[in-house]
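To keep things clear, I will list the structure first and then write my remarks on it.
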Amino acid sequence: MGYKIVPTQTNKTSTRVLGISYASSNNQSQFTPIYTTNDQALENLKTLLLTRVGERYSQPEFGTFLLNVIFEPINDDIKRKIEDLILPPISKFLPYITIDQIEIITKEDDPTLDHSVTVKITFSADPYEINTLTLSATENGTLVVE
């Protein structure tokens, strides 16, 4: 009696597309396929944070008020306010994402940021891989998402 050993796929790449991501303007295609759970979680987190509450049709509670607050004048309680605005929607709409750390950087922390706020969210959807999403509101009114 013989046995046939069939190797299994050991790397995290897959040929099954889980979703799509919106690419930046430097890519050839507007949309790129997503193959991993962590990449999909990153895109879902971006979508949640950049959607205003009431903006999504048939889901009026989906989103955050982050875009309303991140461009307000910087005051003493902006860090607490940002955390209070983003944590409940993440736990409600993306319960599979574990937030490891939220770091909010303002002029208090970095004197070169005159009228800017940077929010770094370290999270994981897979216990073996940690991702970081960075949102930077600049003084000229643009939002940079990395």
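Just so you know, residue 1 is the first one in the sequence shown, and it goes up from there.
- A salt bridge is absent between Glu83 and Arg80: the closest approach of a Lys/Arg side-chain nitrogen to an acidic carboxylate oxygen does not fall below 4.0 angstrom.
- When all heavy atoms are compared, the tightest approach of Asn75 to Ile78 is OD1-N, 3.2 Å.
- The cluster map of Ile, Leu, Val, Met, Phe, Trp and Tyr, joined by side-chain heavy atoms under 4.5 Å apart, puts Ile130 and Leu42 in different clusters.
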Check against side-chain contact (heavy atoms from CB on, under 4.5 Å), Leu49 and Val145 = CA-CA 11 Å; Leu49 295 177; Val145 181; over 6 Å; no
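- Checked options Ile82, Leu135, Leu143; the residue passing with Val117 is Ile82 (criterion: side-chain contact (heavy atoms from CB on, under 4.5 Å)).
- The distance from atom CG of Leu48 to atom CG of Leu45, rounded to the nearest 0.5 Å, is 6.5 Å.
- Here the OG1-CZ distance, from Thr64 to Arg52, works out to 9.0 Å after rounding to the nearest 0.5 Å.
- Taking all atoms of both residues into account, the shortest heavy-atom contact from Pro60 to Val53 is O-CG1, 3.4 Å.
- Atom-to-atom distance recorded for Ile105:CD1 and Lys79:NZ is 8.5 Å, nearest 0.5 angstrom.
- Follow the hydrophobic side-chain contacts under 4.5 Å out from Leu133 and you never reach Val144; the two are in separate clusters.
- Note that OG of Ser116 and CD1 of Ile70 are 10.0 Å apart. Values are rounded to the nearest 0.5 Å.
- When all heavy atoms of Ile86 and Pro89 are compared, the closest pair comes out as O-CD, 3.4 Å.
- For residues 93-104, every residue pair satisfying the side chain to side chain donor-acceptor pair (under 3.5 Å) rule, not counting sequence neighbours, is listed here: Asn44-Tyr96.
- For the atom pair CD1 of Ile97 and OG1 of Thr37, the computed distance is 11.0 Å after rounding to the nearest 0.5 Å.
- Contacts of Glu55 classified as salt bridge (charged side-chain N to carboxylate O under 4.0 Å, His left out), with partners at least two apart in sequence or in another chain: none.
- The side-chain hydrogen bond (donor to acceptor under 3.5 Å, both in side chains) check on Asp76 picks up nothing, with sequence neighbours excluded.
- Within the structure, ring-ring contact (aromatic ring centres under 6.0 Å, His included) contacts touching residues 47-80 (residues at least two apart or in different chains) are Phe62-Phe93.
- Taking the salt bridge (charged side-chain N to carboxylate O under 4.0 Å, His left out) definition, one finds that Lys92 meets it with Glu61, sequence neighbours left out.
- Shown here for Asp109 and Ile104, the closest heavy-atom pair between the two residues is OD2-O, 3.2 Å.
- For Thr138, the side-chain hydrogen bond (donor to acceptor under 3.5 Å, both in side chains) partners two or more places apart in sequence, or in a different chain, are Asn140, Thr142.
- Considering CD1 of Ile90 and CG of Leu85, their distance stands at 11.0 Å, rounded to 0.5 Å.
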